[in-house]
*Asks:* 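Below: one structure in structure tokens.
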Amino acid sequence: MQPYQHILIAIDYSEFDPAVIQKACNMAKQTQATLSLLHVFDNIAMPDTAYGTRISLDKPSDYALLNSEKNRLRQIADTLGIDHDHAWLIWGSPQQEIVHLAEQQAIDLIVMGFHTKQGLALLLGSTANSVLHHAKCDLLAVHLPAA
Ligand code: AMP
């Protein structure tokens, strides 16, 4: 099997991110892969912005909420030693943007969390499930406690 060369870590800024990051870092260490980091957000209104828009981390914005999204990703990237060129902040739908970025950046492994779900939540599906069905590369779904 070819070792992974480019691993994408998808983080949702939740308390579970460290577990996902840890798994991805372990895998990158074993395979000497490059790491990229992605957070997708749609919790902030972005008038006149199309879904899928990439937000520059290093240009400050007039919008305090957007700056806090940027600062958070910058801090995590810096802690992990990931260059800002490989830290992606995208406005859009997490499922779609994870798959899209993975294709565009020639990612060969996506690492993301997977919460065991029951009842209605099971019917609604999970981000990892959707990515699994649409991504062309491998997916490592890190089992997390129920959200
Ligand atoms: P969920 O199915 O929404 O509970 O999310 C499970 C996993 O999907 C998280 O642990 C992340 O790895 C990934 N994910 C969910 N939302 C986002 C997001 N907004 N940006 C990047 N990754 C996400």
Side-chain angles (χ1 to χ4, degrees), residues 4-29 31 33-117 120-147:
Y4 293 115
Q5 294 185 340
H6 195 174
I7 297 175
L8 177 65
I9 317 172
I11 54 169
D12 59 3
Y13 290 172
S14 73
E15 61 185 298
F16 303 107
D17 283 346
V20 175
I21 289 170
Q22 186 64 55
K23 280 275 158 81
C25 290
N26 289 348
M27 184 62 87
K29 214 167 164 188
T31 58
T34 300
L35 278 175
S36 283
L37 190 61
L38 168 65
H39 176 67
V40 184
F41 69 101
D42 63 359
N43 53 336
I44 298 175
M46 297 277 287
D48 301 327
T49 306
Y51 249 33
T53 299
R54 294 172 184 190
I55 312 291
S56 163
L57 280 195
D58 293 316
K59 273 194 221 137
S61 153
D62 296 337
Y63 205 178
L65 282 174
L66 189 54
N67 278 331
S68 94
E69 294 276 327
K70 292 181 187 204
N71 289 340
R72 203 156 171 184
L73 193 63
R74 247 196 332 250
Q75 274 171 13
I76 299 170
D78 291 346
T79 306
L80 298 174
I82 295 178
D83 196 276
H84 292 185
D85 289 347
H86 284 97
W88 305 92
L89 182 63
I90 300 182
W91 192 73
S93 140
Q95 292 90 318
Q96 279 176 23
E97 298 310 328
I98 293 168
V99 170
H100 193 212
L101 188 74
E103 278 175 32
Q104 285 196 333
Q105 296 300 312
I107 298 291
D108 46 16
L109 179 69
I110 299 167
V111 180
M112 58 190 297
F114 177 73
H115 297 278
T116 309
K117 297 194 192 265
L120 188 59
L122 186 60
L123 286 179
L124 294 174
S126 68
T127 310
N129 197 38
S130 170
V131 170
L132 179 64
H133 284 93
H134 295 99
K136 297 197 173 111
C137 66
D138 289 354
L139 170 70
L140 172 59
V142 180
H143 260 285
L144 302 172

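Heads up: numbering here begins at 1 and tracks the sequence. These figures come from a predicted structure and were not determined experimentally.
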*Asks:* Determine whether a donor-acceptor pair (N or O, by modelled atom type, separation under 3.5 Å) exists between the side chain of Asn26 and the backbone of Lys23.
*Replies:* no
*Asks:* Could you tell me the separation between the CG atom of Leu38 and the CH2 atom of Trp88, rounded to the nearest 0.5 Å?
*Replies:* 9.5 Å
*Asks:* Nearest 0.5 Å, please: how far is CD1 in Ile76 from CG in Asn71?
*Replies:* 11.0 Å
*Asks:* Is Thr53 reaching over with its side chain to a backbone N or O of Tyr51, donor-acceptor style, under 3.5 angstrom?
*Replies:* no
*Asks:* Mind checking whether Phe16 and His115 have parallel, tilted or perpendicular rings, split at 30° and 60°?
*Replies:* perpendicular
*Asks:* Can you measure from CG (Leu37) to CG (Asp83) and round to the nearest 0.5 angstrom?
*Replies:* 11.5 Å
*Asks:* Keeping the roles fixed (side chain from Asp108, backbone from Asp138), state whether a donor-acceptor pair exists under 3.5 Å.
*Replies:* no
*Asks:* CD of Glu103: more than 12 outside heavy atoms within 6.0 angstrom?
*Replies:* yes
*Asks:* When you measure from the side chain of Tyr13 to the backbone N and O of Glu69, does any donor-acceptor pair fall under 3.5 Å?
*Replies:* yes
*Asks:* Please indicate whether His6 has more than 12 foreign heavy atoms, meaning atoms of other residues, nucleotides or ligands, lying under 6.0 Å from its NE2.
*Replies:* yes
*Asks:* Nearest heavy-atom pair of Ile44 and Trp91: which atoms, and what distance?
*Replies:* O-NE1, 3.0 Å
*Asks:* Which atom pair, heavy atoms only, marks the closest approach of Ala19 to Val142?
*Replies:* O-CG1, 4.2 Å
